[in-house]
Amino acid sequence: MSDGKVDLPALGFGMGDVVLANLIDDTPAAKARMDAWIANEHAADGYVVIAKEERRADALALVQRLARGGPAV
């Protein structure tokens, strides 16, 4: 980071979704719990993608209407 000008000892750890999925798949008890949870959950009825940042307010208003059980349009 400093091109050797400053001594910056550090330790880091990062875990992304792929690593977490691999750990769950490799741990039978965790995989069984995840599978049981998925079997009991309902699928999403829909999802909202904010394709243009300038439409964020519109998208959030839509999400709020849907959360209250209102119509999508």
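None of these values were measured; they are calculated from a predicted model.
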Peer 1: List the atom pairs, with distances to 0.1 Å, where a side-chain N or O of residues 16-28 and a protein N or O form a donor-acceptor pair under 3.5 Å, not counting sequence neighbours.
Peer 2:
| residue | atom | partner | partner atom | Å |
| --- | --- | --- | --- | --- |
| Asn22 | ND2 | Val18 | O | 3.4 |
| Thr27 | OG1 | Leu23 | O | 2.8 |

Peer 1: Just verifying a value: how many Å separate Arg33 CZ and Ile38 CD1, rounded to the nearest 0.5 Å?
Peer 2: 13.0 Å
Peer 1: Enter the distance from Ile50:CD1 to Asp58:CG here, rounded to the nearest 0.5 Å.
Peer 2: 10.0 Å
Peer 1: List in chain and number order the residues that pass side chain to side chain donor-acceptor pair (under 3.5 Å) with Arg68, two or more places apart in sequence or in another chain; answer none if no residue qualifies.
Peer 2: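 Side chain to side chain donor-acceptor pair (under 3.5 Å) check on Arg68 returns nothing, list empty.
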Peer 1: Could you tell me which residues satisfy side chain to side chain donor-acceptor pair (under 3.5 Å) with Glu54, sequence neighbours excluded, listed by chain and number?
Peer 2: none
